Amino acid sequence: MHLSLVRLPVIQPPISRPNQGLYAMNDAPTYDDDGPVTVRLTRFAAWLDAKASWRMPLAAFLAGALLTATFAPLSFFPAAFFAFPLMVFLLDQAKTARHAFSIGWWTGFGLFSIGLTWIGHSFTQQDSVPVILAPFAILALAGLMALYIALAFVVCYRLWVSGPWRILLFASVWMLFEYGRGFLFTGFPWHLAGTMWADWLPVAQGASLLSIYGLSALTVLTATSPAALISTHSRGLAWGVIIAPIAALVAVAIWGQARLADHETEYDLAVSLRLVQANVKQSEKWRSHLIDSHFDRHMRLSRGDSDRGRAEGVKLVIWPETAVQRETFDRDSSLLRWRMSRLLEFGSYAITGAPRFQRTPDGAQYFNSLFAFNSRGQLYGRYDKAHLVPFGEYLPFQSLLNAVGLNQLTGSQAFTSGDGPKTIRLPGVPPFSPLICYEIIFPGKVLDPNDRPKWLLNITNDGWFGLTNGPFQHLGLARFRAIEEGLPVVRAASTGVSTVIDVYGRSVAQLGLDREGILDSPLPRAIDPPAYTTSFKMLVTLAVCLIIALIFTGLLLRRRTGN
């Protein structure tokens, strides 16, 4: 790359600006020559700075939209090496904190309005909410999520420095707000930067060392590093800032490839699985006149080609989330549970998702539940979904929204949350941690730390999202939980993708999206628990990013006090 000696006052704001941060610690940026890259950057900066107010928001929106190409199913990670440097370049042009907020918001809006379009498909699958609301829901959610990036840009602007070190600042602040987005207000850790490696397993192995947040931090730092060559005084330092994170990421990939090559999948051959994917369309799932036929379809698939009408040679028959649409499945008199138990040989078990309810003095509570039972129909385990989907399974501020007539967003009755992660034990079966639907996307929260399971079971209903990006991205997030925890993941999805994932994130058996069928596989074995928990690794990443941000804050305060 050929850089010039010409001052670029548009790229770097004047030193005299009132909120100049640490710019005054260095002279204005200089370059070695008038190379073509510098000329193009100067022209682009001038174009952005023109009177047309739409240009900067458009560039920011495109930066965010470009980042969506890095996630499944495209998984085009090189796009990140254009998107993140562009964000830094746009921050270089910010003139006020309000301007930085606008740039960040439009960046986030581009990321989430394009990246979460799959949510809109759910509005076509229900009668209670008009389809016309779909674009408004997507835009509202995108606008809300964009606030995290907008605030991150404001913090970066306040602490901004000239030269390569702003790359470290940007990556750290981005990660702090990415962490916050994953936990605050119930959390939504979708489109974490590190999840772009879901289909690139050698790099994804880094999650076993760093957690997904640590891998995200390294990813953002690496992808942003080319911006070190923009507005810098020392080309040597700039190349160092670029080479160091790239070398670290390459080292992770090499180590990850060796890890995959050195470890074949090991199985517990005594535990045979049959995952049933009936491919029931969400728009038909809860229609009362079709519920019995849905159940019969699951029964037919579960039997396979057996002449005896049983799932012969199968230890665990697994149906997906709400595969049974009757709230009385857990009652002693449940005919459906008795019928399902007839599928099983002695010593075998069935697991299915079904709603349930219990009476309370105030009425009734409804739960999205998982049940495990034996060949006599006896219940051995039950799990109530703990991490509910806001606006889908429950209403935040429900009493207020009910008062204005918005209770229909969750149907006539919202679900009640369960008690959290638990471990279920069935005789002759390794203990497992049940996770319903998007509970699998929350790193560090997929198991009981005081009762470690041997595998993770994720039953889900991705029928809401059709043939969109959503089911593939959901699958990718499940893959990271296997890598982080050293536990296999068994994933039964109503319309796909159903899969069995080993502890290294490899799908050893898979049934694709929008297909009807069964998936038979032995259960992969777990490996020894990691020396440090995922939660601890996440806290280390958070602490490192916070310390870096505090260092820049301290330098800013020192500059302002003249010390």
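Since we're looking at a predicted model, the values are computed, not measured.
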Would a 4.5 Å heavy-atom cut-off, applied to side chains only, mark Ser211 and Thr534 as touching? yes

Shortest non-hydrogen pair, Val203 vs Val252, comes out as O-CG1, 3.8 Å

*Are Asn458 and Thr460 close enough that a side-chain donor and a side-chain acceptor fall under 3.5 Å?*
no

Rounded to the nearest 0.5 angstrom, the CG-CG distance for Leu475 and Asp462 is 9.0 Å

_Do the side chains of Asp514 and Lys281 get close enough for a salt bridge, i.e. N-O under 4.0 angstrom?_
yes

| Going by the angle between their ring planes, with limits at 30° and 60°, are Phe188 and Trp190 parallel, tilted or perpendicular? | parallel

Fit a plane to each ring of Trp200 and Phe77, take the angle between them on a 0 to 90° scale, and name the class: parallel (under 30°), tilted (30 to 60°) or perpendicular (over 60°).
perpendicular

Under the side-chain contact (heavy atoms from CB on, under 4.5 Å) rule, what do Gln473 and Trp118 come out as? Steps first, then yes or no, please.
CA-CA 10 Å; Gln473 293 171 3; Trp118 50 269; 3.5 Å; yes

To the nearest 0.5 Å, atom NE2 of His121 lies from atom CZ of Phe465 at 10.0 Å

Please list, one pair per line, the donor and acceptor atoms closer than 3.5 Å that link side chains of residues 538-554 to other protein atoms, with sequence neighbours excluded.
from: Thr541; atom 1: OG1; to: Lys537; atom 2: O; distance (Å): 3.2
from: Thr553; atom 1: OG1; to: Ala549; atom 2: O; distance (Å): 2.8

Practice problem: Check the pair Gln205 / Gln257 against side-chain contact (heavy atoms from CB on, under 4.5 Å), numbers first and verdict last. | Solution: CA-CA 8 Å; Gln205 301 306 304; Gln257 181 60 45; over 6 Å; no

Does the Ser433 side chain pair with the main chain of Val446, one donor and one acceptor, at a distance under 3.5 Å?
yes

Side chain to side chain contact (heavy atoms under 4.5 Å, CB included) with Phe432: of Leu487, Leu456, Leu523, Leu457, only one passes, and it is Leu457

Is the backbone N or O of Ser208 less than 3.5 Å from a side-chain atom of Glu484, with the two atoms forming a donor-acceptor pair by type? no

- Query: Going through the checks in order, is the salt bridge (Lys or Arg N to Asp or Glu O under 4.0 Å) test met by Glu393 and Lys385?
  - Reply: CA-CA 10 Å; Glu393 294 176 313; Lys385 185 177 181 181; 2.8 Å; yes

Here the pair of heavy atoms bringing Val489 nearest to Ala482 is CG2-CB, 3.7 Å

* Hey, is the main chain of Thr499 close enough, under 3.5 Å, to the side chain of Arg491 for a donor-acceptor pair? -> no

Is it true that a side-chain atom of Thr224 and a backbone atom of Phe84 form a donor plus acceptor pair closer than 3.5 Å?
no

Next item on the list: Fit a plane to each ring of Phe109 and Trp105, take the angle between them on a 0 to 90° scale, and name the class: parallel (under 30°), tilted (30 to 60°) or perpendicular (over 60°).
Entry: parallel

With a 4.5 Å cut-off on side-chain heavy atoms, are Thr107 and Leu111 touching?
no

Table please: side-chain donor-acceptor pairs of residues 168-178 below 3.5 Å, with sequence neighbours left out.
from: Ser172; atom 1: OG; to: Leu168; atom 2: O; distance (Å): 2.9
from: Trp174; atom 1: NE1; to: Glu178; atom 2: OE2; distance (Å): 3.1
from: Glu178; atom 1: OE1; to: Ala193; atom 2: N; distance (Å): 3.4
from: Glu178; atom 1: OE1; to: Ser216; atom 2: OG; distance (Å): 3.4
from: Glu178; atom 1: OE2; to: Ala193; atom 2: N; distance (Å): 3.2

Shortest non-hydrogen pair, Arg506 vs Leu260, comes out as NH1-O, 3.0 Å

To the nearest 0.5 Å, atom CG of Leu192 lies from atom CZ of Phe480 at 9.0 Å

message: Val88 vs Ile230, test: side-chain contact (heavy atoms from CB on, under 4.5 Å). Steps then yes/no.
response: CA-CA 9 Å; Val88 171; Ile230 304 173; over 6 Å; no

Taken to the nearest 0.5 Å, the spacing of Met196 CE from Thr219 OG1 works out to 5.5 Å

_Side chains of Gln510 and Ser507 only: does a donor on one sit below 3.5 Å from an acceptor on the other?_
yes

Check whether Arg479 reaches the backbone of Ile501 with its side chain - one donor and one acceptor, N or O, closer than 3.5 Å. no

- Query: So, does Glu516 use its side chain to make a donor-acceptor pair with the main chain of Asn279 at under 3.5 Å?
  - Reply: no

| task | Verify whether the ring centers belonging to Phe153 and Phe101 lie closer than 6.0 Å. | result | no

side-chain contact (heavy atoms from CB on, under 4.5 Å) for Tyr504 and Arg259? Distances and angles first, verdict last. CA-CA 8 Å; Tyr504 306 103; Arg259 187 177 194 239; 3.5 Å; yes

Heavy-atom side-chain proximity of Pro524 to Trp455 below 4.5 angstrom:
no

Tightest non-hydrogen contact, residues Val503 and Gly486, listed as CG1-O, 3.3 Å

query = Is a donor on one side and an acceptor on the other found under 3.5 Å between the side chain of His474 and the backbone of Asn469?
reply = no

| Would you say Trp255 has more than 12 foreign heavy atoms packed within less than 6.0 Å of its CH2? | yes

| field | Heavy atoms from other residues, nucleotides or ligands near CZ of Phe81 exceed 12 (cutoff 6.0 Å) | value | yes

Going by atom types only, do Arg181 and His191 share a side-chain donor-acceptor pair under 3.5 Å?
no

* Can you tell me if Ser494 and Gln277 form a side-chain donor-acceptor pair at under 3.5 Å? -> no

- prompt: Between Tyr438 and Phe442, how do the two ring planes meet: parallel, tilted or perpendicular, split at 30° and 60°?
  reply: perpendicular

Taking distance alone, no hydrogens or angles, what donor-acceptor pairs closer than 3.5 Å link side-chain atoms of residues 57-75 to residues at least two apart or in another chain?
from: Thr68; atom 1: OG1; to: Ala65; atom 2: O; distance (Å): 2.5
from: Thr70; atom 1: OG1; to: Leu67; atom 2: O; distance (Å): 2.7
from: Ser75; atom 1: OG; to: Asp199; atom 2: OD2; distance (Å): 2.8

CG (Leu133) and CZ (Phe123) are apart, to the nearest 0.5 Å, by 6.0 Å

- Keeping the roles fixed (side chain from Gln125, backbone from Ser122), state whether a donor-acceptor pair exists under 3.5 Å. no

Next on the checklist: Do Leu511 and Val497 have side chains that approach each other closer than 4.5 Å (heavy atoms only, starting at C-beta)?
Outcome noted: no

Here the pair of heavy atoms bringing Val508 nearest to Ser521 is CG2-OG, 4.3 Å

task: Look at Arg166 together with Asp92 and state whether they make a salt bridge at an N to O cut-off of under 4.0 Å.
output: yes

In short, Trp197 meets Ala204 closest at the heavy-atom pair O-CB, 3.5 Å

Output for pair (Leu184 CG, Tyr179 OH), nearest 0.5 Å, gives 10.0 Å

